[in-house]
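Following: one structure in structure tokens, then a few remarks.
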Amino acid sequence: LSCFCLIEMLSRVFNSTARLAAPAGKRFASLAAYEEYGSALFKGDVADAYLKAHGSSAALLDDPTWTEHSADIVAAAVLDWGIDNGADTYTHWFQPMAASGVRHGLTGQVHNKMLEFDRTTGKVAFDFKGKHLIRGETDGSSFPNGGLRATHTAGGYLAVDTSSNIFLRGDTIFIPSAFVSYYGAALDEKTPLLRSNEALNKEGCRLLKLMGYDPKSLVANIGLEQEIFLIPRDQYLRRMDLQMTGRTIMGKNAPRGQEMCDHYMAPLSTAQPALEAMQEMQAECWKMGIPLKTRHREVAPNQYEFAPLFGTNTTQIDQNVMVMQVIEEVAAKHGLAALLQEKPFNDVNGSGKHNNWSIGTADGVNLLNPDQLNAASGNPDAFAVVMSAIVAAVDEHGDLMRMAIASPGNDFRLGACEAPPAIVSTYLGDDMTAYMEGFKDGKTGEYKPGVKKMDLGTSSVLPISIPAEDRNRTSPFPYGGARFEFRAVGSAQNVSMVNTVLNMITAQKFKQFADAIEGGASPADVAKKALSDHWKVIFNGDNYDEANQEKLTADGVWRIDSGVEAIRTLSSDKNKAIFEEMGVMTGEECVAREAALHDHYTGTVEMEALCMVDMINQHILPSCRDAECGPVSELEAAVSTLKSAVAAIHAAETEYEKAQLARVLRLETMVDIREHCDAAEEVVPADMWTLATYKELLFLDQTDASYVM
């Protein structure tokens with residue numbers, strides 16, 4: 001029996017016998033609980049049933065040209081599906097740039113009723129046609145755009161993204177869409193990603209064909225691990241900084257932190273609301289076809305993680321931004337506040353979104369899985385050539401990888417104990433490194449991933465097989481057996497630019513390899529030269545060690561400590577050239593996006609600084625004066641310092657200059673002022689301190705007294 005048939009058979013037996021015998025009030029798990037999985041996703045069997053009613057089938061959706069010849073058929077089926085599921089509204093769902101940390105759900109949407117109104121009879125009827133489905137229009141000037149739009153040139157246009165699935169939530173049908181200007185310039189996160197997918201497909205297929213393997217197409221697959229904090233909502237509402245910026249800009253450490261590693265993968269307690277909230281988050285995601293499979297506690301107190309199954313990058317990113325929205329909304333229903341920002345609390349781990357990236361063919365061959373690629377291609381060098389291209393891409397374009405993770409929250413996270421430093425190297429592991437070094441030096445043969453037997457020394461546990469490679473959590477871009485894991489990505493980010501860069505820089509190397517092979521070189525010789533030129537980027541040691549960091553920097557591995565300077569590289573001549581060469585963005589789009597990201601950084605810091613002013617004036621100074629203790633004069637002076645710094649930012653001429661000043665304000669001035677705020681909290685009596693403390697914010701297991709099971 002197949003695994004599926006066995007599960008189905010056992011499920012039927014279980015449902016017809018065991019469940020009938022269950023004691024009153026007891027529940028047994030069964031597949032019946034997941035019958036709603038994907039019911040709110042217009043795909044597969046769900047879409048097929050409605051499309052067949054209009055003379056077509058779900059196979060129609062696999063051909064992107066349905067928007068040209070069958071839009072009315074798809075629209076009619078979507079309308080029927082929506083009506084049957086209580087949805088009478090639709091929206092073109094898009095992803096504006098520069099949204100992390102500030103825009104709820106990271107998306108833009110206008111909700112329109114699928115209705116027509118007869119002005120003569122006063123009757124209402126359903127109305128949703130192909131023209132409504134495939135295109136929308138909105139104001140492009142009111143979103144971050146870096147000068148690509150203005151009030152007198154405001155047109156913004158929305159086009160359905162056929163690579164991602166239509167879904168519904170509540171009374172609304174969501175249509176994933178690209179968002180561009182009147183002249184076709186990307187105003188969103190999605191459009192450059194889609195263009196990079198085209199480049200990867202084109203150049204990757206071209207290279208593989210030159211090595212004797214002709215796949216139909218290539219796709220980039222990703223899996224995203226989403227870390228979050230869940231804190232008591234009543235305490236969250238006592239913190240202006242958390243409400244306005246997502247992080248605490250002041251706060252004395254609690255007597256307990258993560259010193260004992262006691263929170264990591266500890267039991268999810270039924271005595272506080274986090275587990276129940278996470279269960280509801282998963283249940284809501286199931287309906288939309290989001291396979292949010294894994295949940296667990298993370299390292300810091302009140303920190304948790306979700307992880308789905310992997311899938312194509314456009315689908316996974318769309319699902320991830322919806323997961324982030326669901327997390328925030330469901331948390332509130334359980335008396336919690338979800339914090340998605342990268343570093344909400346000082347001196348405990350922040351949150352990331354590990355981006356597990358691989359390349360696959362249309363028939364499921366993973367190019368980063370040596371056994372699969374070598375078997376499919378019949379070429380023992382194919383895997384080494386692909387890996388050589390990626391290594392070369394990381395070395396040459398580490399600045400772009402650093403730019404892609406330069407979210408404001410990552411300022412406080414990169415290089416700390418939970419995230420790799422801002423030095424972009426890659427870990428291959430000793431086994432893989434030895435193979436690649438041998439290949440570079442002229443040895444031939446397939447790479448066979450090693451395994452080893454581990455004997456635990458007890459007859460109760462038999463020896464187990466484990467990979468030959470250890471895990472290196474200090475590397476920003478380690479190889480993990482069949483994927484690369486970009487570990488430095490921030491939790492609040494839309495990861496479209498991250499994956500745009502990975503696709504694009506790899507596609508360029510595939511192109512350069514293919515050009516050289518067509519010019520007469522052998523694939524192996526091209527790959528060997530690339531490895532020789534870029535070997536320095538491979539580093540298997542401890543990236544947290546300062547001596548190692550100095551060595552990598554001296555060797556010329558890309559290092560950009562400042563997020564502001566990393567964003568600046570977006571408009572360098574080198575980087576504008578690759579974006580244009582690969583058809584991902586024009587030079588004008590690069591310059592505009594840099595400006596938008598610098599504006600986003602500056603705006604984030606300004607909000608934090610103004611929160612600090614208000615919190616000092618409205619909370620800390622009154623508490624100190626009432627208690628007749630604390631650094632009152634220092635705090636009074638700090639308010640003036642903050643106001644002057646914000647004024648200086650406003651007076652700067654360019655977005656880049658403003659962002660440079662904002663970074664100094666945030667990482668130097670505000671850090672110093674925080675010390676005075678925390679010193680005040682240390683001496684003011686608890687009953688006179690009006691701000692929620694770290695003890696009250698971070699320890700649901702120890703402090704939540706409101707939850708009733």
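No hydrogens, no waters, no symmetry mates; every other heavy atom, side chains included, goes into these values. Quick caveat, the model's predicted, so the values are computed rather than measured.
Every residue was checked against the ring pair (Phe, Tyr, Trp, His ring centres under 6.0 Å) condition with Phe510, not counting sequence neighbours, and none meets it.
Inter-residue side-chain proximity for Leu193 and Glu189 is flagged as unmet; no heavy-atom pair is nearer than 4.5 Å. At least one side-chain heavy atom of Leu187 sits less than 4.5 Å from a side-chain heavy atom of Ser181. Counting heavy atoms from C-beta outward, Leu148 and Tyr183 have side chains that stay 4.5 Å or more apart.
Using a 4.0 Å cut-off between a side-chain N of Lys or Arg and a carboxylate O of Asp or Glu, Lys574 and Asp399 qualify as a salt bridge. For the pair Glu581 and Lys511, the salt-bridge criterion is met [side-chain N within less than 4.0 Å of a carboxylate O]. Classification of Lys343 and Asp411 as a salt-bridged pair fails, no side-chain N sitting under 4.0 Å from a carboxylate O.
Atom CZ of Phe310 sits in a sparse spot, with 12 or fewer heavy atoms from other residues, nucleotides or ligands closer than 6.0 Å. Enclosure of atom NZ in Lys293 is not indicated, since only 12 or fewer non-hydrogen atoms of other residues, nucleotides or ligands lie within 6.0 angstrom.
A donor-acceptor distance shorter than 3.5 angstrom exists from the side chain of Asn379 to the backbone of Met211, with no hydrogens or angles considered.
Aromatic ring centres of Phe143 and Phe94 lie closer together than 6.0 Å.
A cation-pi contact links Arg568 to Tyr656, judged by a cut-off of 6.0 Å to the six-membered ring centre and 45° from its axis.
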